[in-house]
Amino acid sequence: MDALTSEVPSTSSVAHHATGSSTISAANESIPERGKSNSSSSLMSRMVLNDNKAGMEGLDKEKINQIIYEASKGSKFYENERKKEEQLNLRIKEQQFQMDKLTPGKLQEGIREADRIIENLNQRYDLSHTIVHVDMDAFYAAVEMRDDPRLRNKPMAVGGMGMLSTSNYIARRFGVRAAMPGFIGLKLCPDLVMVKPNFTKYTAVSHLIREIFATYDPNFCPMSLDEAYLDFTSHLDWRITSSAIDRTFLLRPRSVLDASNIESSADSACVCDLNKVLRPLLVSSDELQERTLSDFSVSTVIEKLCQNSERFKICPECQKSFPSFKAKVYGVSTEDAVLEMRNRIEQRTLLTASAGIAPNTMLAKVCSDRNKPNGQFRIQPSREEVTNFVESLPIRKISGVGKVTEKLLGALGVSICSDLHLQRGVLYHLFSPTSFRYFMRISLGLGSTLIERDGERKSMSTERTFNELNQPEELYEKCRELSRALAEDLQEDRLVGKTVTLKIKTVAFEVKTRSHTLQYDTNDENKIFQAAKQLLKTEMKAEAPQPLRLRLMGVRMSKLSSDSGRCTLTSMFQRQMEKNSVTGTAPAKVDVEDKPSDRLDLTGLAGTSDVVEGDFHCIESTGDDDCAITSSDCDMQNVEKWDQNDNGCSEFDVKRLLEAKRHTAKKGSQGKGKQTVSILNFVRKADEKQTPKVCDESEDSSCSLFENSKSEAVVVIDGEYEEAVPERGDILFAKVPSEAVPEFTNEEPDLVRCPICCQQKRNWPLDLFNDHVDLCLNKQTIKDILQDQESQMASTSSSTPSDLNMTTNRKRQKQDVQLPSQKKGVKRSKGQSSLLSFFK
DNA sequence: GCGGATCAC
DNA sequence: TATGGTGATCCGC
C-alpha cells in the first residue's frame with residue numbers, strides 16, 4: 001500500500017534527520033563509513049542494493065553498489081530511474097515545505113487528534129488470536145537445489161539474464177537477490193549459476209505444503225506459492241485435548257532426506273513421506289488404540305512395533321523397506337505446533353520453511369523473517385511484548401512500507417516504528433487519513449487478526465516485454481495477441497469485465513496506462529481487442545509523426561463479474577427458444593456475447609446459411625483491402641473506404657458510418673433499405689404481422705432490438721466504437737430480408753411476453769415491460785445465488801480448502817494494512833428489490 | 001472514471 | 001545485449 005502520494009511535507013524540527021535531498025545511496029544508513037559523500041555522483045536510493053532480506057546482513061554494500069552502478073549507468077533504465085528519483089526528491093521538498101508551515105499550535109492539534117485516533121485503535125487491541133506466517137526458504141532456488149545436487153554448494157539463482165526470481169543463500173552473500181537482473185548478478189558473482197524457473201514443479205510443491213497447512217487451518221490464506229497466513233487459534237485449542245498419538249509424527253533424519261532425493265539403486269529404501277504412508281497405518285493399529293498413552297510411551301510403542309512387526313517394514317506405496325526414522329511426539333504448545341508443521345513440511349518436500357508467530361498478521365510476517373532460514377520466532381501475546389518488539393523495528397520491515405515510503409518517512413526523521421509515534425503530530429498533517437491510520441497501527445503493533453480467503457478478483461491482465469516494436473502493424477499484432485490471451489484467461493475463469501486498460505512502456509521505460517469502460521461486460525477477444533486497439537491508436541497518434549517505440553505492452557480487464565449463471569438477454573432468449581421450440585415460436589435470437597465474431601447465422605431461417613444478397617445491403621468484412629461499403633441506397637457518401645491498418649485487417653471508421661447514418665435519417669429518405677444502417681453480428685427479423693413492439697435495451701445497451709419503419713425487427717449493435725468497429729467476418733446491414741423471417745405463429749399481435757418468466761400481457765407498455773424484465777433477471781440471479789450458496793454450504797464442511805485446486809500460479813493477494821475490507825457481494829443491478837419482495 | 005505511483009511476491 | 005508479470009490499492013483530478 002502506498003497512500004503517500006501527494007501533499008507530504010516534513011518538519012524542520014527533524015531536518016537534521018532528513019536524508020531528503022538526492023545526495024547519496026540511502027536505504028538504511030546505519031553503516032558508519034557512510035560519511036563519504038557521493039563520489040560516484042548519483043547513487044540513487046532506488047538503485048542501490050536492497051538488503052532488506054534474510055541472508056543479506058553485513059554485506060559490503062559500498063562495493064556492491066558500485067558494481068551495480070557501473071553495470072547500470074548510462075542505460076535507458078538507469079536514466080528513467082534517475083528521473084523517478086528526482087521526482088521523489090521534489091516530493092520530499094514539498095513535504096519539507098509543508099512541514100515548515102506547521103505552527104506549534106497546528107502540531108499540538110495534530111498530536112491531540114493523533115492521540116484520539118490511537119485511543120480508538122487501542123480499543124481494538126486483540127491478543128486472542130495466534131497467527132502464523134509461513135514462508136518457504138529461498139523457495140524456487142531450494143527446489144532446484146533439491147533436485148540437482150550439483151547446485152547445492154554453488155551460488156545460484158532462478159531466473160534469466162533479464163531478471164532473477166530467487167537466489168540461494170550462497171549467492172546472497174555476493175549481493176545477488178531476487179528482482180535483480182541476471183546480468184548484474186553475474187557481475188556481482190561471476191560464478192553464479194542461473195537456472196530457468198520451472199513453475200510446474202513449484203506449483204506441485206505448493207500443493208504439498210498447502211495440504212499440510214490445511215490440517216492446521218482449513219481457512220488458511222495463501223499469499224503466493226510459498227507463503228501463507230494461518231490462524232492457529234482453533235488448532236491450539238484442539239491440541240490441548242489431543243492425545244499424544246495425534247501429536248506424533250515420523251521423522252527421517254536429514255541425512256536420509258538428503259540421500260532420498262538422489263538417484264540410487266532399485267533396492268534402496270523407500271523415499272515416501274512416512275507421515276503419508278506409514279503414520280496412518282500406525283495410528284489405526286490396535287497397538288496404538290490406547291489413546292491415553294503418554295508422550296513417552298507412544299514413541300516406545302511405535303519403535304517396538306516397527307521393529308517387530310512385518311506390517312510396518314515395507315512401504316505399501318513403493319514396496320521398498322522403510323528407511324530409519326524416529327517418532328517424535330510434539331507438545332501442546334504453540335511453538336511445538338508450529339515446529340511440528342515445519343517438520344512435516346520438510347519431511348514431505350525436503351525443503352525447509354520458516355515461520356512467524358504473533359497475535360496478528362502484520363507482526364507474524366515480520367517474525368517469519370527473524371530466524372530465517374529454517375527457523376521460527378514468536379512474539380508472546382502480551383501488550384508489553386508487542387510494544388517491545390515494535391519499538392526498535394525499522395519501518396522498512398513492515399509489509400506495505402517500500403523504499404519510497406521509507407525515504408519519505410526518513411525525511412521526517414522516522415526510521416523505526418517508535419518514531420511514528422514520536423512524529424505523530426507531523427504525520428497527522430502531512431499524510432492522508434488512511435496513511436496516518438496505517439502508521440499509527442504499525443506503531444502500536446496492530447494488525448489483522450482475521451485470516452480471510454481472498455474475495456472476488458478485481459482485475460485480470462496480460463503483459464509482455466519484448467524487443468523494441470514501433471511499426472503499427474507489429475504493435476497491433478502484439479495488441480491482438482495480448483487481447484486473445486486475456487480473453488482466454490477470462491473465459492477460463494468464466495469472468496467478464498467492463499473496463500479495458502492498455503498498458504505501454506516506452507523504450508525509455510516510461511509507463512502509461514489508458515483505459516476505456518465499455519457499456520457492457522465482455523470476455524470476447526474481438527471486443528477486447530477493438531477497445532485496446534483504439535487506445536493504442538490514440539497513443540500512436542499522439543506520438544506522430546514519430547513512431548511509438550515500445551518495449552512492453554499489456555491489456556487488463558477490470559470491473560469484473562462472474563459469467564456463470566449470468567442472466568444476459570442472450571441466455572434468456574436462448575432459454576426461451578428452447579422452451580418454444582416445441583410450439584414453434586422463435587423469438588429473436590440475440591447472440592452477442594457468445595459468438596460475437598461468428599457470421600450471420602441464417603441457418604433455419606430462410607433455409608440457407610449463406611449471406612443473402614440482393615435485397616440485403618450487406619457487406620461482409622473480409623479484411624481485404626478492397627472491402628468497401630456498397631450499400632446501394634443508403635447515403636453512405638461520407639463513409640470512406642477502410643483504412644488499411646492492423647496487419648492487413650481493415651479498420652473501419654465508425655464515426656463516419658454513424659455520421660452517415662444520421663445523415664440518412666435526417667434526409668428522411670424512405671426508399672428501400674434506407675432506413676437503417678446497422679452494424680451487427682447477428683440479426684433476425686420478425687414477421688410483418690408479428691412485429692414485436694419491442695424496443696428492448698437490455699443490460700447490454702449497445703445491443704438494441706427495435707422496429708424500423710418497415711416493421712422489421714432489427715438488432716443493432718452500434719453503441720460505441722469498440723463494439724462498432726467491424727471485424728473480419730462481421731456483416732454490415734442496411735436492411736433485413738423479409739424472407740428470412742421466423743414465424744411467430746403462436747402469438748397474438750399485441751401480446752408481449754416476458755422471455756424469462758413467460759408472463760404475457762397485451763399491449764404491455766415498453767417501460768413497464770422493461771422494468772418487469774429487469775426484475776425477472778434479478779429474480780433469476782437471486783435464485784442462482786441462493787442455489788450456489790446452498791451447494792456451497794453443503795460442501796463447506798469439507799476441511800480441504802478449495803484453493804488447493806490451484807490451476808495457475810496467478811494469485812490474488814490481500815494486505816492486512818488496508819481499510820476494512822469491503823466484501824463484495826454479488827453484483828446488484830439497478831432497481832433490484834429486496835429478497836422478500838421476490839419471494840413473498 | 002482515469003492515470004500515475006507504490007507495493008508485494 | 002541485457003532491468004519481469006500479476007494483482008491490488010490509494011490519491012488527485
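Labels below follow one simple rule: chain letters A, B, ... track the order of the sequence lines, proteins then strands, and each chain is numbered from 1.
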Please report, rounded to the nearest Å, how far the [atom2] atom of [N] is from the [atom1] atom of [X].
X        : N     : atom1 : atom2 : answer
A:Met460 : C:dA8 : CE    : C1'   : 14 Å
A:Glu81  : B:dA5 : CD    : P     : 12 Å
A:Lys407 : B:dT6 : NZ    : P     : 11 Å
A:Leu409 : B:dT6 : CG    : P     : 13 Å
A:Tyr78  : C:dA2 : OH    : C1'   : 17 Å
A:Leu552 : C:dA2 : CG    : P     : 17 Å
A:Met223 : B:dC7 : CE    : C1'   : 11 Å
A:Glu539 : B:dG4 : CD    : C1'   : 13 Å

Residue [X], side-chain atoms from C-beta onward, closest of [options]:
X        : options              : answer
A:Ser435 : C:dC11, C:dG5, B:dC7 : C:dC11
A:Arg91  : B:dC7, C:dT3, B:dA5  : B:dA5
A:Lys559 : B:dG1, B:dT6, C:dT3  : B:dG1
A:Ser432 : C:dT3, C:dC11, B:dG1 : C:dC11
A:Ser515 : B:dA5, B:dG3, B:dA8  : B:dG3
A:Phe183 : B:dG3, C:dT6, C:dA2  : C:dA2
A:Lys458 : B:dT6, C:dT9, B:dG4  : C:dT9
A:Arg457 : C:dT3, C:dG7, C:dT6  : C:dG7
A:Ser461 : B:dG4, C:dG7, B:dA8  : C:dG7
A:Arg464 : C:dT3, B:dC9, C:dT6  : C:dT6

Under the side-chain contact (heavy atoms from CB on, under 4.5 Å) test, residues paired with A:Ala138 that sit two or more places apart
A:Ala141, A:Thr166, A:Tyr169, A:Arg172
More 5' along DNA chain B: A:Lys365 or A:Gln87, using each one's nearest nucleotide?
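Upstream on the strand: A:Gln87.
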First of A:Thr499 and A:Glu227 reached from the 5' end of DNA chain B, by closest nucleotide:
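Nearer the 5' end of the strand: A:Thr499.
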Taking only N and O in the side chain of [X], is any of them less than 4.0 Å away from OP1 or OP2 of [N]?
X        : N      : answer
A:Thr517 : B:dC2  : yes
A:Arg551 : C:dG4  : yes
A:Thr434 : C:dC10 : no
A:Ser459 : C:dA8  : yes

Around atom NZ of A:Lys201, are there more than 12 heavy atoms from other residues, nucleotides or ligands closer than 6.0 Å?
yes
Test salt bridge (charged side-chain N to carboxylate O under 4.0 Å, His left out) on A:Arg82 and A:Glu79; report intermediate values, then the result.
CA-CA 5 Å; A:Arg82 215 162 51 84; A:Glu79 289 310 311; 2.8 Å; yes
Could you check whether [X] gets within reach of a base, just the sugar-phosphate, or nothing at all, counting any heavy atom under 4.0 Å?
X        : result
A:Lys76  : nothing
A:Ile184 : base
A:Lys84  : nothing
A:Thr501 : nothing
A:Ser72  : base

Strictly by side-chain hydrogen bond (donor to acceptor under 3.5 Å, both in side chains), give each pair with a member in residues 501-510 of chain A just once, sequence neighbours left out.
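Counting only pairs at least two positions apart or across chains, the side-chain hydrogen bond (donor to acceptor under 3.5 Å, both in side chains) contacts touching residues 501-510 of chain A are A:Lys83-A:Glu510, A:Glu463-A:Lys503.
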For the CZ atom of A:Arg210 and the CZ atom of A:Phe213, what is their distance to the nearest 0.5 Å?
8.0 Å
Point-to-point distance, once rounded to the nearest 0.5 Å, from NZ of A:Lys187 to CD1 of A:Ile67
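Going from NZ on A:Lys187 over to CD1 on A:Ile67, the span is 10.0 Å.
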Rounded C1' spacing from C:dG4 to B:dC7 in Å:
15 Å
Taking every heavy atom of A:Thr449 against every heavy atom of A:Asp231, the minimum-distance pair comes out as O-OD2, 4.0 Å
Closest-nucleotide mapping onto DNA chain C: is A:Pro181 or A:Arg556 further toward the 5' terminus? I mean the 5' end.
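Whichever sits nearer the 5' end wins; that is A:Pro181.
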Return whichever of A:Phe77 or A:Glu463 has its heavy-atom-nearest nucleotide of DNA chain C closer to the 5' end.
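In this pair, the answer is A:Phe77.
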